[in-house]
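Structure record follows, encoded as structure tokens.
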Amino acid sequence: MEYKLDKIMISREKIASRVREIAAEIVKDNGMNDELVIVGILTGAAVFLTDLVRELPEDMNVKIDFMSVASYGNDTKSSGVVRIYHDLKNSIEGKNVIVVEDIVDSGLTLSHLLKLLEGRHPSSLKVCVLLDKYSRRETEVKLDYCGFQVPDEFVVGYGLDYAGRWRHLKDIKTVVPVEAK
Ligand code: 5GP
């Protein structure tokens, strides 16, 4: 089915102000001296992560790493079995880690990914998500930092895509099917 952009669900101004608040929470929890590894889950979290890290103070000890994963399953339902396409560059053993994800839906992908990362023995492992579609949750995942709870509507923009499109939008928007002619 073909889709087109519809309404703004979360404006760029609201996103920017929430990103600043989350960064402040991270600073408060982590302190300035302990090394903090921010792990971005590609591709969806890339835009959120790059804004978030630039709100952290200059003298904070921050490192950035990325992972690309996909859960097996069909288009609409993830199985929760995670396949790694691109792994972290560096070991997270003994490190304080925050995983940054774009959206949590069923929670299956994230919970599987967290199990995998826990097996690498970080000193702490926290989760930061921009959007939480809580009504769709099938497995409990503890979200340490969360941008917005959103209703069960498909959204794009600010890193989130539909078939690879619309990640570059500054606002988070809903989509609607294009009427068949
Ligand atoms: P989960 O395993 O939690 O069901 O899957 C989460 C993944 O589903 C997200 O990382 C994202 O790729 C995709 N997803 C879930 N809801 C949406 C949505 O509204 N918009 C977009 N673009 N992706 C979504």
Side-chain angles (χ1 to χ4, degrees), residues 1-12 14-16 18-19 22 26 37-53 64-88 92 97-120 125-178:
M1 198 185 301
E2 216 186 315
Y3 286 89
K4 62 179 181 184
L5 293 172
D6 193 29
K7 299 188 194 67
I8 293 181
M9 182 187 276
I10 308 172
S11 69
R12 61 194 74 183
K14 278 199 182 139
I15 296 169
R18 190 72 191 108
V19 167
I22 295 172
I26 291 174
V37 182
I38 310 259
V39 169
I41 307 304
L42 294 170
T43 305
V47 177
F48 174 40
L49 181 144
T50 51
D51 278 349
L52 182 66
V53 293
I64 299 171
D65 212 337
F66 287 99
M67 241 179 142
S68 171
V69 299
S71 57
Y72 289 109
N74 58 34
D75 283 351
T76 55
K77 192 152 165 46
S78 77
S79 64
V81 179
V82 169
R83 172 169 169 194
I84 301 178
Y85 286 108
H86 171 87
D87 207 342
L88 299 174
I92 54 167
V97 175
I98 298 181
V99 175
V100 176
E101 177 63 300
D102 53 358
I103 185 165
V104 187
D105 190 58
S106 70
L108 293 169
T109 311
L110 191 56
S111 68
H112 234 83
L113 176 65
L114 289 172
K115 263 186 223 130
L116 190 146
L117 293 176
E118 264 157 22
R120 299 182 183 183
L125 184 60
K126 289 185 176 170
V127 175
C128 175
V129 298
L130 180 65
L131 305 178
D132 176 16
K133 246 188 212 179
Y134 187 72
S135 63
R136 300 253 311 167
R137 197 74 88 255
E138 287 175 34
T139 181
E140 209 44 59
V141 202
K142 186 169 162 277
L143 306 181
D144 300 278
Y145 308 99
C146 173
F148 304 92
Q149 287 213 345
V150 289
D152 184 10
E153 283 178 73
F154 197 82
V155 289
V156 297
Y158 201 69
L160 291 123
D161 73 312
Y162 174 72
R165 241 188 122 177
W166 294 317
R167 292 194 197 276
H168 65 295
L169 308 186
K170 287 186 172 145
D171 307 293
I172 291 171
K173 293 189 159 188
T174 52
V175 292
V176 282
V178 175

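We count ligands from 1, going down the list as the structure has it; atoms in each ligand are counted the same way.
- Near Lys133, with a cut-off below 4.0 Å to any heavy atom, the atoms of ligand 1 are 16 (N), 17 (C), 18 (C), 19 (O).
- No donor-acceptor distance shorter than 3.5 angstrom exists from the side chain of Arg136 to the backbone of Ser106, with no hydrogens or angles considered.
- Residue contacts with ligand 1 include Phe154, since one or more of its heavy atoms lies under 4.0 Å from the ligand.
- Counting heavy atoms closer than 4.0 Å to ligand 1, residue Asp102 contributes side-chain atoms (C-beta onward) but none from N, CA, C or O.
- The pair Asp87-Arg120 meets the salt-bridge criterion, since a charged nitrogen lies less than 4.0 angstrom from a carboxylate oxygen.
- Of all atoms in ligand 1, listed by their number and element, those nearer than 4.0 Å to a heavy atom of Thr109 are 1 (P), 2 (O), 5 (O).
- Here the shortest heavy-atom pairing between Arg18 and Phe148 reads CB-CZ, 3.5 Å.
- Of all the atoms in ligand 1, the ones that sit under 4.0 Å from a non-hydrogen atom of Glu153 are 19 (O).
- Using a 4.0 Å cut-off between heavy atoms, Glu138 makes no contact with ligand 1 at all.
- Here Arg136 has no heavy atoms under 4.0 Å from ligand 1, in either its backbone or its side chain.
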Residue pair Phe48, Val53: steps toward the side-chain contact (heavy atoms from CB on, under 4.5 Å) verdict: CA-CA 9 Å; Phe48 174 40; Val53 293; over 6 Å; no

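- Taking 4.0 Å as the cut-off, Leu110 does not count as a neighbour of ligand 1 on heavy-atom distance.
- Ion pairing of Arg137 with Asp105 is absent here, as no side-chain N (NZ or NE/NH1/NH2) approaches a carboxylate O to less than 4.0 Å.
- Close approach of ligand 1 to Ser106 is summarised as follows: ligand atoms under 4.0 Å from at least one heavy atom of the residue are 1 (P), 2 (O), 3 (O), 4 (O).
- Residue-to-ligand polar distances place Val155 within reach of ligand 1: an N/O pair is separated by less than 3.5 Å.
- Less than 4.0 angstrom separates some heavy atom of Asp161 from each of these atoms of ligand 1: 21 (C), 22 (N).
- Put simply, part of Gly107 is less than 4.0 Å from ligand 1, judged by heavy atoms.
- Checked by atom type and distance alone, the side chain of Thr174 never pairs as donor or acceptor with a backbone atom of Asp6 at under 3.5 Å.
- With rounding to the nearest 0.5 Å, the separation of CD1 in Ile92 from CD in Glu118 is 9.5 Å.
- Lys142 has a carboxylate O that lies under 4.0 Å from a charged side-chain N of Asp144, or vice versa, which qualifies the two as a salt bridge.
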